[in-house]
Amino acid sequence: MPGPEVLLYGLPLAFLAGFIDAVAGGGGTITLPTLLLMGLNPAQVVATNKLLAIFGSGSATVQYWRKGHVEKALVLRLVPLALLGSALGAYLVHFVSPAAFQTLVGVVILGVGVLVLANKRFGLEDRYPGLTARTLALTLPGALIIGMYDGFLGPGTGTFLMFLFALAGFNLVRSSGNARTINFATNLGAFLFFLTSGQMVWWIGLPMGVANALGAMLGARMAMLRGSAFVKWMYGGIILLVAARLFFLR
């Protein structure tokens, strides 16, 4: 078991992860390797990461929610499907190796990045039409599928959610607010699942969770202050980070 000195680098990295995740998703690409570097075993890493993630995603959700950047009527319809998908994905892990899909998902997320960055206007304007049949036909199955991916593999879930909401017509700031809210729900569900596992390292997860929450608060405020163009720039960088995580870390 590592000593308390690991928090000297764990806390600033958790803060950075919270900031990045609140803006564009992908915070887990920082916290998961950090927890492994601390000397935790894989089961402890997964469980402890969910402990600190509920702090960060919860903090970001509060910021976006208070400023009206969460489409509550839509998100509250999607949360149950995302939770169901997450549970199904976790169940499928017992039958199919996630490693078999990592390269494929890496290619997909790079494709998403190309689409977002090549289209100069994508995500910069808010064109959400409301709870139309098209909106629900896109987002309901999308939330279920991305929820399954979160339970099955995980890296880039928030990034995929942002893309889904941008396709539905939201600008990237509102897409981020919606994505963080659903991410908070799925993180909370996973946290409750792992709560009795005995694998959470509380003395690491709690202080890193506070640092993650502070970073997320700053990141959400920065995203809302700087607007969708800033989020789009960060989003492109996170896509590269998530793709590298999927291609090179097994």
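Because only heavy atoms are used, hydrogens play no part in the values below, and waters and symmetry mates are left out as well, while side chains stay in.
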Decide yes or no on side chain to side chain donor-acceptor pair (under 3.5 Å) for Y64 and T181, but give the supporting numbers first.
CA-CA 9 Å; Y64 283 114; T181 306; over 6 Å; no
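- Using a 4.5 Å heavy-atom cutoff, the side chains of N178 and L78 are not in contact.
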What do the steps show when you test L131 against R77 for side chain to side chain contact (heavy atoms under 4.5 Å, CB included), and what is the final call?
CA-CA 10 Å; L131 288 175; R77 285 172 168 81; 3.5 Å; yes
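- Residues L52 and L206 are not in side-chain contact: their nearest non-hydrogen atoms beyond the backbone lie 4.5 Å or more apart.
- Heavy-atom contacts from other residues, nucleotides or ligands closer than 6.0 Å to CH2 of W233 number 12 or fewer.
- In this structure a side-chain-to-backbone donor-acceptor pair under 3.5 Å is missing from T159 to G25.
- Side-chain contact annotation: S57 with N187, donor-acceptor N/O pair under 3.5 Å present.
- Hydrophobic clustering places F193 together with L51 (ILVMFWY residues linked when any side-chain heavy atoms are closer than 4.5 Å, directly or through intermediates).
- Looking at I146 and D150, their side chains never come closer than 4.5 Å, going by heavy atoms from C-beta outward.
- Using bins of under 30°, 30° to 60° and over 60° for the plane-to-plane angle, the ring pair F191/W202 lands in the perpendicular bin.
- Within a 6.0 Å sphere centred on OH of Y91, heavy atoms belonging to other residues, nucleotides or ligands number 12 at most.
- Between atom CE of residue M200 and atom NZ of residue K50 there is a gap of 10.0 Å, rounded to the nearest 0.5 Å.
- In this structure, the side chain of T61 engages the main chain of R180 through a donor-acceptor pair within 3.5 Å.
- The shortest heavy-atom contact between L172 and F122 is CD1-O, 4.3 Å.
- Closest of all the heavy-atom pairs between A47 and S197 is CB-OG, 4.4 Å.
- Closest approach of S59 and A213 over heavy atoms only: OG-O, 2.9 Å.
- With a 4.5 Å cut-off on side-chain heavy atoms, D126 and F170 count as touching.
- At distances below 3.5 Å, not a single donor-acceptor pair connects side-chain atoms of T31 with backbone N or O atoms of N49.
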Begin from the C-alpha positions of V108 and F160 and carry the test side chain to side chain contact (heavy atoms under 4.5 Å, CB included) through to its verdict.
CA-CA 10 Å; V108 170; F160 280 125; 4.0 Å; yes
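- Side-chain heavy atoms closer than 4.5 Å link hydrophobic residues (I, L, V, M, F, W, Y) into clusters, and following such links, possibly through other members, connects Y9 to V45.
- Taking the side chain as every heavy atom from C-beta outward, F194 and T48 never approach each other to under 4.5 Å.
- With hydrophobic clusters built from ILVMFWY side chains whose heavy atoms lie under 4.5 angstrom apart, V70 does not share a cluster with L76.
- Summarising the geometry of L161 relative to A179, their closest heavy-atom pair is CB-CB, 3.7 Å, with the distance given to 0.1 Å.
- Residues M217 and Q63 share a closest heavy-atom pair of CG-NE2, 3.6 Å.
- Note that OG1 of T34 and CG of L11 are 10.5 Å apart. Values are rounded to the nearest 0.5 Å.
- Within 6.0 Å of the NZ atom in K72, the count of heavy atoms belonging to other residues, nucleotides or ligands exceeds 12.
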I would like to know whether V107 and F247 meet side chain to side chain contact (heavy atoms under 4.5 Å, CB included); could you show each step before the answer?
CA-CA 9 Å; V107 171; F247 283 133; 4.1 Å; yes
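- Using a 4.5 Å heavy-atom threshold, the side chains of I182 and F165 count as touching.
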Determine, stepwise, if the pair Q44 / I204 fulfils side chain to side chain contact (heavy atoms under 4.5 Å, CB included).
CA-CA 11 Å; Q44 291 174 326; I204 289 178; over 6 Å; no
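- A donor-acceptor pair under 3.5 Å is formed between the side chain of T186 and the backbone N or O of N183.
- Within the 4.5 Å cutoff, no side-chain heavy atoms of F55 are placed close to those of M208.
- Taken together through direct or relayed side-chain contacts under 4.5 Å among Ile, Leu, Val, Met, Phe, Trp and Tyr, F230 and L16 form part of one hydrophobic cluster.
- Side-chain contact check for V46 versus Q199: every heavy-atom pair is 4.5 Å or farther apart.
- When every heavy atom of V23 is checked against every heavy atom of G219, the shortest pair comes out as CG2-O, 3.3 Å.
- Checked by atom type and distance alone, the side chain of N212 pairs as donor or acceptor with a backbone atom of A14 at under 3.5 Å.
- Placement of W203 and F15 within a single hydrophobic cluster is found when ILVMFWY residues are connected by side-chain heavy-atom separations under 4.5 Å, directly or transitively.
- In terms of modelled atom types and a separation under 3.5 Å, the side chain of S176 and the main chain of A22 share a donor-acceptor contact.
- In Y128, the OH atom is crowded: over 12 heavy atoms of neighbouring residues, nucleotides or ligands sit closer than 6.0 Å.
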